[in-house]
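Just so you know, ligand 1 is whichever comes first in the structure, and atom 1 is the first atom listed for that ligand. Start at 1 with the first residue, then count along the sequence.
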Amino acid sequence: MSGQEKPVTRSHDRLPPGQKLVHNWPVLDLGVHPEVSLEKWELRIHGQVEKPVTLKWEQFLALPQFTDVSDFHCVTTWSRYDIEFKGVAFFTIVDLVKPKTSATHVFFKSYDGYSTNNPLTTCLDDDVLIAHTADGKALTIEHGGPARVIIPKRYAWKGAKFIREITFLDRDILGFWEVRG
Ligand SMILES: Nc1nc2c(c(=O)[nH]1)N[C@H]1C(S)=C(S)[C@@H](COP(=O)(O)O)O[C@H]1N2
Ligand SMILES: [Mo]
């Protein structure tokens, strides 16, 4: 690969069809920003797994930490390039709870009542994480702090802010927007 210049963007189709590039980071959610103190914060991970666990904040931070730079695309047509997220990789969560072979889907529930569903294979992508930091700063509550899900290859609505519960399922169930169309 020596002597070959790196591309300026990852690919010519980095901006999905119909999207406009923004340089700020808009806030998009149900308008509810649940105040969860780090003392009270818990992440319950259960369902079709061998070792269900409920993590307190310190336990979550004690897991191996992972950094990934990704683009952020909202279906309301804005995209933001290159946000550096830090947190716990989804594959680390998988190593921890050991999904059973019956697990096919993952359901994410948030402190604001939001939820999303994803196939397990989507979540197993090596860039998926539960982020607590963006561009070197603790995630603000507007952007889903204390912690949120980031699935870089999906539109941003698939990544739950204010994450509270992860359930491994043997079937698909509908998330917040699937129920409401
Ligand atoms: N808990 C929760 N997560 C959510 C949402 C929400 O309303 N509640 N909105 C989704 C949508 S549609 C988008 S585009 C992104 C927006 O994230 P941002 O506000 O940090 O830009 O969060 C997603 N995750
Ligand atoms: Mo969105």
Side-chain angles (χ1 to χ4, degrees), residues 13-38 40-47 54-57 60 65-90 93 105-125 127-169 172-181:
D13 59 356
R14 183 174 177 184
L15 196 62
Q19 294 290 109
K20 284 197 194 73
L21 188 60
V22 297
H23 297 279
N24 59 336
W25 186 6
V27 171
L28 216 129
D29 56 34
L30 306 175
V32 183
H33 295 154
E35 292 272 357
V36 186
S37 68
L38 297 183
K40 294 232 175 91
W41 185 90
E42 280 184 351
L43 177 58
R44 180 173 180 218
I45 311 168
H46 65 127
T54 299
L55 298 170
K56 304 287 295 170
W57 185 250
F60 175 65
Q65 299 292 301
F66 173 80
T67 300
D68 185 69
V69 176
S70 59
D71 299 342
F72 197 94
H73 308 286
C74 173
V75 286
T76 63
T77 75
W78 55 268
S79 290
R80 221 327 274 282
Y81 284 165
D82 293 327
I83 304 182
E84 186 198 75
F85 290 107
K86 191 177 168 196
V88 174
F90 194 83
I93 301 285
H105 289 79
V106 184
F107 195 71
F108 296 94
K109 267 195 217 162
S110 299
Y111 280 99
D112 63 345
Y114 192 81
S115 58
T116 67
N117 58 328
N118 284 281
L120 177 58
T121 50
T122 300
C123 300
L124 288 177
D125 219 335
D127 56 4
V128 175
L129 78 158
I130 318 295
H132 54 67
T133 298
D135 289 334
K137 294 191 201 93
L139 262 188
T140 59
I141 188 159
E142 289 77 20
H143 287 300
R148 74 176 299 163
V149 181
I150 296 293
I151 308 177
K153 295 189 188 74
R154 292 288 171 270
Y155 280 92
W157 65 280
K158 281 295 188 181
K161 297 160 74 163
F162 330 109
I163 185 68
R164 162 182 155 140
E165 190 176 329
I166 302 175
T167 313
F168 289 77
L169 296 168
D172 197 8
I173 62 172
L174 303 181
F176 185 89
W177 286 122
E178 286 82 9
V179 170
R180 288 159 183 84

Those protein residues which place at least one heavy atom below 4.0 Å from ligand 1
W25, P26, V27, L28, D29, L30, F72, C74, W78, S110, D112, Y114, E142, H143, R148, A156, W157, G159, A160, K161, F162

Mind checking whether W25 and F85 have parallel, tilted or perpendicular rings, split at 30° and 60°?
perpendicular

Does some side-chain heavy atom of W57 sit less than 4.5 Å from a side-chain heavy atom of H132?
yes

Kindly give the heavy-atom pair with the smallest separation between L139 and A131, and that separation in Å.
CD1-O, 3.4 Å

Can you tell me how far apart CG (D125) and CZ (F90) are? Round to the nearest 0.5 Å.
11.5 Å

Between D135 and R80, does at least one N-O distance fall below 4.0 Å, as a salt bridge requires?
yes

Over 60° means perpendicular and under 30° means parallel, so tell me whether W41 and F60 are parallel, tilted or perpendicular.
tilted

